[in-house]
Amino acid sequence: MNDKITVVILAAGLGTRMKSKKAKVLHEAGGDTLLNNIIRAVRQVASAHNIVAVIGHQADRVKESVHEPGIRFALQDEQRGTGHAVMCAAAAITEREGQLLILNGDGPLLRPQTLRRLLDQQESPGSGGKIVTTRLHDPTGYGRIVRGGGGYVEAIVEQKAANAEQLAIHEVNPGLYCFDARLFWEHVQEIRPDNPANEFYLTDMVGILSRHGYPIAPVLVHDSTELLGINTKAELALADSILRARKAQELMLAGVTIENPGSVLIDVDVHVGADTVIEANVQLRGKTTIGVDCRIGVGSVLRDCAVGDDVNILPYVVADSSVIGTKSSVGPFTRMRMNAETGEDSHIGNFVELKKTKFGAGSKASHLAYLGDSIIGEKVNIGAGTITCNYDGDKKHTTHIADGVFVGSNSTLVAPLTIESGAFIAAGSVITKRVSQDALAIGRAHQTEKADWAKRRRDLNKKK
Ligand code: UD1
Ligand code: CA
């Protein structure tokens, strides 16, 4: 990686047109914030410590939202324009040589290949830098590219300042610049807020450097889709659908089968192994990872989960922050949350909820159970209707169930509780005390029988 690349990401604006209290770069597309999406692309061409994000609106929240370590931040207290934002970054930058890459913080679709192309385009000595341009059918709102001699960019004219002739230009500035760092820092103070908005326009640097005899070269990108800058919620939704389609495509090319690619929502950071089948309407969110040879059933929603290899997830499983062991099966209609963990070859069936529970290898809970704050060993059988009573109205308590235990149906396990290995719990029991190894525990009323009672009752009713 070239250490002579310094990157400034402009992310201080509120984004008025989003009509939201939330700073623009905090809005999400593809399951991650606009800013994180850009950082992901930029990290392919620069080291984290060479990246400075200029923040302002909700600076603390924006800072916290960045998950890439090592990124530096510069504060722009008052948003006085994109040029002013870069000036605010100056103090955080020691490198004054090499290439200075500047990007708007609201373009989440940018591909690393395009950044590479911009950085790698060779310019003759004496060039002031290069900027990406693209042609739009409707250029409204964008800065227009005014070309001069030799095809160089002579100036960028903002919508508000443009005359009729300039407004007719379809080649626009998507907000992606690569300046000669030395020349940029030498002349940046020449930007003046001499426009109706009284802002410091970064785009003025193009005209400034050109006038000093340092031409700026255009790097024309034909596919304008990836240069879309997000200004409204409608553009946000468009970016989101494009990122999702790209992700599905990337996974399919890596050997994942997706039965109805248009219906699934897979976040950008998700990993899925080859030969896994993803059925329709599945959502894979956050940092979810899925092994090879799995099947993810229709309608399942997994967030921040780690799924092993050869796992069968049946339809409509909802799991958060949980681990699903290799060769196990889960669902349909299973809920797992708060670090629930199932071991290898285990089976969790319909209408079972696991919360903060470790469920051992080869164990089964096939139907209708709530297992919360529990540590469950290997080869345990949990009968239908088993409930761990983990909450006493004040505190949560743990249930320990050792290896080989059989819990009969409809058992109520009142925590704190330990059931030692090999024990057997009779169906319908309410268990409140420790159960010893290999014992049978029965916690229910004894059954009594009254001979012929039912028949006598029927006969009596008939006479009435
Ligand atoms: C800018 C460009 C315009 C280009 C368009 C592409 C300028 C003057 N104009 O206009 O030529 O076509 O982007 O989308 O640069 N920001 C700050 N601090 C500020 C102002 C803005 O950090 O004081 C950040 C914003 O958070 C945003 C980015 O800079 O991420 C662009 O700002 P925005 O207001 O969207 O610029 P445009 O008016 O769209
Ligand atoms: Ca914009």
Side-chain angles (χ1 to χ4, degrees), residues 7-18 20 22-27 29 33-39 42 52-59 61-63 65-66 73-90 92 101-110 131-136 138-146 153 155-162 166-167 169-177 179 188 191-208 216 218 221 224-232 235-236 239:
V7 185
V8 176
I9 303 174
L10 308 181
L14 170 63
T16 324
R17 284 167 285 171
M18 295 298 275
S20 167
K22 200 157 75 174
K24 179 153 78 177
V25 292
L26 287 172
H27 288 273
T33 64
L34 299 184
L35 183 54
N36 279 325
N37 273 295
I38 293 193
I39 292 173
V42 169
V52 180
V54 183
I55 55 178
H57 269 281
Q58 294 162 16
R61 273 183 69 189
V62 174
K63 214 168 170 172
S65 74
V66 170
F73 296 92
L75 194 66
Q76 186 192 24
D77 273 325
E78 204 189 332
Q79 282 68 57
R80 302 183 60 198
T82 45
H84 179 251
V86 183
M87 294 178 200
C88 292
L101 182 66
I102 304 176
L103 316 86
N104 283 357
D106 58 0
L109 298 175
L110 183 66
I131 65 163
V132 168
T133 73
T134 193
R135 287 210 176 87
L136 292 183
D138 176 13
T140 312
Y142 283 84
R144 307 297 204 281
I145 300 293
V146 179
V153 182
I156 297 174
V157 185
E158 290 306 301
Q159 169 91 20
K160 283 180 199 148
Q166 290 162 338
L167 285 175
I169 298 173
H170 286 259
E171 186 176 17
V172 301
N173 165 35
L176 191 47
Y177 321 80
F179 290 106
V188 69
I191 300 179
R192 292 276 155 261
D194 52 3
N195 52 65
N198 199 29
E199 285 190 0
F200 293 84
Y201 286 163
L202 171 60
T203 44
D204 285 355
M205 275 311 277
V206 172
I208 291 170
I216 305 289
V221 172
S224 57
T225 320
E226 71 166 292
L227 302 172
L228 178 72
I230 306 305
N231 294 308
T232 65
E235 286 165 344
L236 186 70

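When a residue number appears, it is its place in the shown sequence, counting from 1. Atoms within each ligand, like the ligands themselves, are counted from 1 in listed order.
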I'd like to check whether N104 has a polar contact with ligand 1, where a contact means an N/O of the residue lying under 3.5 Å from an N/O of the ligand.
yes
Nearest-option assignment for atom 29 (O) of ligand 1, heavy atoms, candidates T133, V54, L10:
L10
Whether the side chain of H57 engages the backbone of A12 through a donor-acceptor N/O pair (distance < 3.5 Å, no angle test) should be reported.
no
Contact check: I156 vs ligand 1, nitrogen or oxygen atoms, below 3.5 angstrom:
no
Whether N104 side chain and D106 backbone form a donor-acceptor pair below 3.5 Å
no
Within 4.0 Å of some non-hydrogen atom of Y201, the atoms of ligand 1 are 8 (C)
Nearest-0.5 Å distance that lies between atom CG in L103 and atom CD1 in I38
6.0 Å
Backbone N or O of G105 within a donor-acceptor pair of the K24 side chain at under 3.5 Å?
no
Under a 4.0 angstrom heavy-atom cut-off, which atoms of ligand 1 come close to K24?
35 (O)
Do side-chain atoms of R17 reach the backbone of T232 as a donor and acceptor pair under 3.5 angstrom?
no
Would you indicate whether the side-chain heavy atoms of M18 and L236 approach each other to under 4.5 Å?
yes
Any non-hydrogen side-chain atom of D204 less than 4.5 Å from a side-chain atom of D194?
yes
With side chains defined as the heavy atoms from C-beta onward, is the minimum distance between I131 and L176 less than 4.5 Å?
no
Should you measure from each heavy atom of G105, which atoms of ligand 1 turn up under 4.0 Å away?
30 (O)
Below 3.5 angstrom, do we get any N/O pair linking G13 and ligand 1?
yes
Check each atom of ligand 1 against the heavy atoms of R80 and keep those under 4.0 Å away; list them by number with element.
23 (O)
Does ligand 1 have a heavy atom under 4.0 Å from the side chain of E158, from its backbone, from both, or from neither?
side chain
So is V172 touching ligand 1 or not, going by heavy atoms under 4.0 Å?
no
Return the option from A85, G81, G15, A11 holding the heavy atom at the smallest distance from atom 23 (O) of ligand 1.
G81
Within less than 4.0 angstrom of ligand 1, does Q76 place any heavy atom?
yes
May I ask whether G229 has any heavy atom positioned less than 4.0 angstrom from an atom of ligand 1?
no
Out of L176, L202, I38, N173, whose heavy atom is nearest to atom 12 (O) of ligand 1?
N173
Contacting atoms of ligand 1, where contact means under 4.0 angstrom from a heavy atom of G143:
3 (C), 4 (C), 11 (O), 12 (O)
The criterion is side-chain contact (heavy atoms from CB on, under 4.5 Å); which residues satisfy it with Q58, sequence neighbours excluded?
K22, A23, L26, R61
For E199, salt bridge (Lys or Arg N to Asp or Glu O under 4.0 Å) partners two or more places apart:
none
